[in-house]
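Everything quoted here is computed from the prediction, not taken from an experiment. Side-chain atoms are counted along with the backbone in the values below, which use heavy atoms only and exclude waters and symmetry mates.
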Amino acid sequence: MTSINSKLQLALINRKKGRNLLEKGFTLVELMIVVVIVGILSAVALPSFLSQQDKARATEATQNISSILKAAYADYQADLDEADADKAAKAAIVIANSNGENFRYDSDTADYNVDTTNDKISLIARGKTGTSMDKKDLGGCVNLKTGQIEIDKSLADSSTTAYAIGNVSCP
């Protein structure tokens with residue numbers, strides 16, 4: 001009786017081991033739940049990631065505006081001449097346009113202004129057509145007397161409102 005009992009126990013143990021080998025994989029329902037969870041997480045994270053890219057592009061334009069206005073102020077300080085500041089700003093605009101992929105800077109349109117009465121230079125960076133920055137604008141200005149630079153970092157949407165030099169309040 002004991003040999004039959006031990007044989008029965010051994011057979012049950014072996015049968016259970018074989019079943020465990022088959023049961024170690026994931027079921028289709030478990031795999032589908034994982035796919036749904038990953039889909040939800042990516043749907044939440046992707047827009048946040050894309051907005052970070054736009055923020056980085058806007059930061060690039062802000063840096064370019066700042067360097068253009070700083071160049072103008074530095075040249076103005078050399079001999080207190082607005083014409084020299086204008087030349088320096090235009091030279092810096094050429095460099096910014098050659099390096100920038102997302103924004104354009106124009107020195108011969110209404111997007112650039114030298115106010116000799118108030119000793120201020122203003123500039124607008126326009127988002128390039130065909131990029132994610134299309135119709136998104138940034139502006140800045142420098143007070144040549146004080147050296148204060150003001151940059152509007154709000155990424156104005158020019159498709160709804162005309163973004164102009166007056167949108168930036170220069171100190």
Side-chain angles (χ1 to χ4, degrees), residues 32-171:
M32 289 180 67
I33 289 172
V34 168
V35 167
V36 167
I37 290 171
V38 168
I40 290 170
L41 289 175
S42 66
V44 169
L46 190 63
S48 175
F49 173 71
L50 293 176
S51 72
Q52 291 300 323
Q53 288 180 325
D54 286 349
K55 286 180 186 176
R57 291 180 181 116
T59 301
E60 173 197 0
T62 302
Q63 293 289 4
N64 283 338
I65 291 171
S66 178
S67 66
I68 291 166
L69 297 175
K70 284 178 183 178
Y73 175 68
D75 247 352
Y76 177 79
Q77 288 301 305
D79 56 2
L80 303 177
D81 185 15
E82 282 97 359
D84 285 347
D86 181 37
K87 286 179 192 173
K90 287 180 178 180
I93 286 172
V94 170
I95 293 168
N97 279 329
S98 66
N99 294 336
E101 297 176 8
N102 300 298
F103 287 88
R104 70 182 188 288
Y105 312 87
D106 293 323
S107 60
D108 54 354
T109 64
D111 294 344
Y112 175 79
N113 182 37
V114 179
D115 183 357
T116 55
T117 308
N118 297 314
D119 297 316
K120 295 178 183 178
I121 293 181
S122 303
L123 172 70
I124 295 177
R126 301 272 183 201
K128 286 187 179 177
T129 306
T131 68
S132 64
M133 294 287 104
D134 188 17
K135 295 187 172 126
K136 294 183 180 169
D137 304 329
L138 292 166
C141 61
V142 62
N143 184 323
L144 296 173
K145 294 290 185 192
T146 64
Q148 281 189 294
I149 294 175
E150 186 67 35
I151 298 175
D152 176 18
K153 300 176 184 176
S154 63
L155 259 184
D157 186 358
S158 61
S159 64
T160 56
T161 358
Y163 193 82
I165 294 289
N167 293 46
V168 182
S169 60
C170 203

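For the pair S66 and I151, the minimum side-chain heavy-atom distance is below 4.5 Å. Taking 4.5 Å as the limit, some side-chain heavy atom of I149 sits within range of a side-chain heavy atom of K70. The shortest side-chain heavy-atom distance between L138 and F103 falls under the 4.5 Å cut-off. Y76 has its side chain out of reach of V142: every pair of non-hydrogen atoms, C-beta onward, lies at least 4.5 Å apart. Side-chain contact between V94 and Y105: absent, with no pair of heavy atoms (C-beta onward) separated by less than 4.5 Å.
Interatomic distance, OG1 of T109 versus CD1 of I124, reported as 8.0 Å (0.5 Å rounding). Atom CG in D84 sits 5.5 Å away from atom CG in D75 (nearest 0.5 Å). Atom CD of E82 sits about 8.0 Å away from atom CD1 of I121, to the nearest 0.5 Å. Taken to the nearest 0.5 Å, the CG atom of L144 stands 9.0 Å off from the CG atom of L69. Distance check: K120 NZ to Y73 OH gives 14.5 Å after rounding to the nearest 0.5 Å. T59 contributes atom OG1, which lies 11.0 Å from atom CG of N64 (distance to the nearest 0.5 angstrom).
G127 and D137 get closest at one heavy-atom pair: N-OD1, 3.6 Å. Taking each heavy atom of K145 and Q77 in turn, the nearest pair found is O-NE2, 4.5 Å. The two atoms that bring A89 and A72 nearest to each other are CB-CB, 3.9 Å, heavy atoms only.
With sequence neighbours excluded, the residues that form a side chain to side chain donor-acceptor pair (under 3.5 Å) with D111 are R126. Partners of I37 under the side-chain contact (heavy atoms from CB on, under 4.5 Å) rule, at least two apart in sequence or in another chain, are I33, L41. Residues that satisfy the side-chain contact (heavy atoms from CB on, under 4.5 Å) test with D134, not counting sequence neighbours, are T129. With sequence neighbours left out, the side chain to side chain donor-acceptor pair (under 3.5 Å) criterion links D108 to no other residue.
Here salt bridge (charged side-chain N to carboxylate O under 4.0 Å, His left out) pairs that include residues 47-66, with residues two or more places apart or in two chains, are D54-R57, D54-K136. Residue pairs satisfying the salt bridge (charged side-chain N to carboxylate O under 4.0 Å, His left out) criterion with at least one member in residues 96-105, sequence neighbours excluded, are listed as follows: R104-D106.
No donor-acceptor pair closer than 3.5 Å links the side chain of E150 to the backbone N or O of G139.
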